[in-house]
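In the text below, chain A, chain B and the rest are named by the order of the sequence lines, each starting its count at 1.
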Amino acid sequence: MSDTSNWPLWEVFVRSKNGLAHKHAGSLHAPDADMALKNARDVYTRRSEGVSLWVVPSEAITASSPDEKDLLFTPADDKVYRHPTFYDIPDEVGHM
Amino acid sequence: MPNGLIQEQKYGRNPDHDISHERFVNVGVNCGIYIELMANAVDLTTTFDSYVAAENRVEPKQWMPEKYRKTLVRQISQHAHSEVVGMLPEANWITRAPSLRAKLILIAKVQDEGGHGLYLYSAAETLGTSRETMVGDLLSGKAKYSSIFNYPSLTWADVGVIGWLVDGAAIANQVMLCRTSYGPYSRAMVRICKEESFHQRQGYEIVMKLARGTSDQKAMVQDALNRWWWPSIMMFGPTDDNSPNSEQSMKWRIKRKSNDQLRQEFIDKTVVHAEFLDLSIPDEDLKWNDSRQSYDYGEINWDEFYRVIQGDGPCNRQRLIARNKAHDEGRWVREAATAFAAKQAAKKPAKQAP
């Protein structure tokens, strides 16, 4: 425990203003959640970039693999009927 | 082994951790499979090349040629080291800033540089290199950083000229890198560019005040310009015909403009800034070229450039000593933070799984 090598990686999310979602801003190392939050404040919000911060241990995130990209996302490509523009509605109908 | 696919990679604990490489490792190095993998790698490389050529961004989990990964790790970590070492020449002047306003601004700027180092180290970490390795390479002198920071900051005017020229040159490079093909690097650059423009403007403000001050002040700022001009335009690196890695970097869209192109753009802009303040750029060959719509400039002393890179600049030793001293003297802070976190964790009742 002499140094920082065991400090976990944290992902930082910033809400830029109320009404908007938290957005991924970057990452940092810290020994615990409190320090991660303090560091995130210093590193990612020095210019009023946010009103709220989340720090999440990177390890806690389960990510999809690029190998599964086709499996997961291409089935959506042939389902154009899920988009409003798929349907021909005459102009006379007005705004819909 | 010639093929990075089979080489086991030690990745960080980032969620963008790549599992596809491990899968290749797990199949074992059976000869038949190896040949199949080689063929596969050639395909992958071709696919990758056209993918980036079509202006698509690369994200950490995606397959990438080993050379692309290595080039990025080298470039991003060098860039991070430059931010960190770049704090030193300026930090020298925090205690001697001529007013409270100037001191506050300089502290904020130096703090920004530290933050920029962090964004960049984080981006490099997504490529599977640990922070400790990179910092270790800087401290041992194995890794390089921008040669500009091996020049001394002798007067307050230097602080102004560093912001104007050195940050100006860095911005030219960084604006280009906002559109680099590697996603995490590009995102770090966007953040950095937003903050960096304050650096150049605060520098120019200092230069402006001195240039409009007493004759002594004006002489001081002219002297700083004389000393920093050539090292600043060297920052863009060797000329295009002496920059062997540039072509591949351009092909992979890591770089978007050549060294000479960036240097020319910087010179054309900066001459205007100098003329506005009636300061003269220390280059007798500097002349407007009507047909190129750009300034011609004199021969750069490349011997000096390589000498400083090799470690023989005015401050190379000093910078590394200062960096190592700061790292060693900060050790107790890191140890205390680790100990405190452990103590807090022991106090808390064990969390139940959700």
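- At a 4.5 Å heavy-atom cutoff, A:A33 makes no contact with chain B through either its backbone or its side chain.
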- Task: Output, in order, the C-alpha distance, side-chain angles, deciding distance and verdict of side chain to side chain donor-acceptor pair (under 3.5 Å) for B:H81 and B:Q78.
- Result: CA-CA 5 Å; B:H81 301 329; B:Q78 278 181 11; over 6 Å; no
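- A donor-acceptor contact shorter than 3.5 Å links the side chain of B:S186 to the backbone of B:C178.
- For the set A:G26, A:A25, A:A60, A:P57, the entry with the most heavy-atom pairs within less than 4.5 Å of chain B is A:A25.
- Summarising the geometry, atom NZ belonging to A:K69 is positioned 10.5 Å from atom OG belonging to A:S64; distances are rounded to the nearest 0.5 Å.
- The side chain to side chain contact (heavy atoms under 4.5 Å, CB included) test with B:Y182 is passed by exactly one of B:R69, B:R57, B:Q75, B:M64: B:M64.
- Across A:L28, A:D32, A:D42, the residue that shares the most heavy-atom pairs under 4.5 angstrom with chain B is A:D32.
- Your options are B:A341, B:A123, B:A345, and the one with the most heavy-atom pairs under 4.5 Å with chain A is B:A341.
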